[in-house]
Amino acid sequence: QEGHSAQQGQVATLFNDCFKCLEAMCGDNPKAQKTLFPDISFFASFMGIPNVNAADTISAIFKDNTELCEQISLSFVEQVVQVIMTFGKHARWLKIFENIVQANGQPLRQNQDMVLKELSKHQGILVLFNTVDGHNHRLKLMQARESDKPLESELVYHTQCVNLLASCTLGNNPGAEARARDLFNLG
């Protein structure tokens, strides 16, 4: 059993290294992004496996690539939401959404609407601290420097939620603005 566990750790390290390599290949390389895009759901199937970071690779595939972002399907967005609901709240998973709702600083209205619709259906995946108790909790986390945790930071996840909602409201999209306001009521 102990040998099996060590072997699983080695396999996870190998997969993680492969994902890092693929991520590096995508940087400023639309041809590599396009080559990897057909396997996006396969890559997403690795999300949630301990010590395997497929999310950053997926984010890199979409980063500033309007052509690929416009091909996003609802089923892919649902797959990422399901990963968050199943395996917990990690900021890098939300970064995927942030990269598909805008490309090169330009909002992608269809994707903004699709992501906001899914977030509205599954509000439990958001951490917004927009109640009095939530504000107090956020302050305690800040005082405790909770954001220094590398992966499990509730505060970093909260920040990514706010950034994502802001990205979903870029451009002239009144419907997205209204939906985001409903999700993040400051009042």
Side-chain angles (χ1 to χ4, degrees), residues 12-13 15-17 19-20 23-24 26-27 43-64 69 72 76-103 105 107-108 111-171 173 176-187:
T13 300
F15 274 107
N16 196 50
D17 290 346
F19 278 116
K20 284 180 186 177
E23 177 186 354
C26 287
F43 297 149
S45 71
F46 286 84
M47 291 171 55
I49 297 175
N51 303 314
V52 176
N53 183 7
D56 289 348
T57 302
I58 295 168
S59 288
I61 291 169
F62 291 114
K63 186 167 178 57
D64 293 329
C69 289
I72 290 294
F76 175 76
V77 173
E78 291 170 337
Q79 183 179 11
V80 176
V81 167
Q82 189 60 48
V83 166
I84 296 168
M85 291 171 40
T86 303
F87 298 106
K89 299 170 181 164
H90 299 279
R92 66 175 167 237
W93 295 345
L94 291 179
K95 187 70 177 168
I96 295 169
F97 288 151
E98 193 168 340
N99 282 338
I100 67 170
V101 299
Q102 63 175 329
L108 301 171
N111 291 0
Q112 289 173 322
D113 292 338
M114 191 172 11
V115 168
L116 279 171
K117 185 177 180 182
E118 286 305 302
L119 294 177
S120 295
K121 286 197 308 194
H122 305 283
Q123 291 183 29
I125 68 171
L126 295 172
V127 175
L128 297 172
F129 300 129
N130 53 350
T131 65
V132 173
D133 289 340
H135 290 294
N136 293 335
H137 182 63
R138 181 180 59 218
L139 286 173
K140 286 179 184 173
L141 291 173
M142 290 167 71
Q143 290 167 344
R145 300 186 54 85
E146 191 267 352
S147 61
D148 291 345
K149 294 180 182 177
L151 296 177
E152 305 296 325
S153 172
E154 186 177 9
L155 202 53
V156 171
Y157 187 84
H158 158 73
T159 303
Q160 192 64 47
C161 285
V162 173
N163 289 341
L164 175 58
L165 290 179
S167 294
C168 285
T169 62
L170 292 174
N173 192 346
E177 289 177 30
R179 200 174 250 144
R181 237 187 339 266
D182 288 344
L183 290 169
F184 190 62
N185 180 358
L186 295 173

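Residues Ile49 and Phe87 are not in side-chain contact: their nearest non-hydrogen atoms beyond the backbone lie 4.5 Å or more apart. In this structure, the side chains of Tyr157 and Leu126 stay at 4.5 Å or more apart for every pair of heavy atoms.
By the side-chain hydrogen bond (donor to acceptor under 3.5 Å, both in side chains) test, Gln82 pairs with Thr86, sequence neighbours left out. Shown here are the ring-ring contact (aromatic ring centres under 6.0 Å, His included) partners of Phe62, two or more places apart in sequence or in another chain: Phe37, Phe76. Residues that satisfy the side-chain hydrogen bond (donor to acceptor under 3.5 Å, both in side chains) test with Asp113, not counting sequence neighbours, are Asn173. Under the ring-ring contact (aromatic ring centres under 6.0 Å, His included) criterion, Phe46 pairs with Phe15, Phe19, Phe42, sequence neighbours left out. For Ala12, the side chain to side chain contact (heavy atoms under 4.5 Å, CB included) criterion is met by Asn51, Val52, not counting sequence neighbours. Qualifying salt bridge (charged side-chain N to carboxylate O under 4.0 Å, His left out) partners for Lys121, counting only residues two or more places apart in sequence or in other chains: Glu118. Legend: residues meeting side chain to side chain contact (heavy atoms under 4.5 Å, CB included) with Glu23, ordered by chain and number and at least two apart, are Asp56, Thr57, Ala60.
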Practice item. Go through the steps to decide whether Asn111 and Cys69 satisfy the test side chain to side chain contact (heavy atoms under 4.5 Å, CB included), and finish with yes or no. Key: CA-CA 8 Å; Asn111 291 0; Cys69 289; 3.9 Å; yes
Review point. Can you check side chain to side chain contact (heavy atoms under 4.5 Å, CB included) on Arg179 and Lys117, steps first, answer last?
Key: CA-CA 8 Å; Arg179 200 174 250 144; Lys117 185 177 180 182; 4.0 Å; yes
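Closest approach of Ser45 and Gln79 over heavy atoms only: N-NE2, 3.9 Å. Between Val101 and Gln112 the shortest heavy-atom distance is O-CG, 3.7 Å. Of all non-hydrogen atoms in Met114 and Val77, the two that sit nearest each other are SD-CG2, 4.0 Å.
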Sequence neighbours excluded and cut-off under 3.5 Å, please list the side-chain donor-acceptor pairs for residues 93-100, or say none.
from	atom 1	to	atom 2	distance (Å)
Glu98	OE1	Gln160	NE2	2.3
Asn99	ND2	Ser59	O	3.2

Pairs under 3.5 angstrom only: tabulate donor-acceptor contacts from the side chains of residues 162-171 to other protein residues two or more places apart or in another chain.
from	atom 1	to	atom 2	distance (Å)
Asn163	ND2	Thr159	O	3.4
Ser167	OG	Gln102	NE2	3.3
Ser167	OG	Asn163	O	3.1
Thr169	OG1	Ala166	O	2.8

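Formation of a donor-acceptor pair under 3.5 Å by the Asn16 side chain with backbone atoms of Asn53 is found in this model.
Annotation: the span from Ser120 atom OG to Asp182 atom CG amounts to 7.0 Å, rounded to 0.5 Å. Between the NZ atom of Lys63 and the CD1 atom of Ile58 there is a distance of 15.5 Å, given to the nearest 0.5 Å. For the atom pair Arg181 CZ and Leu183 CG, the distance stands at 11.5 Å (nearest 0.5 Å).
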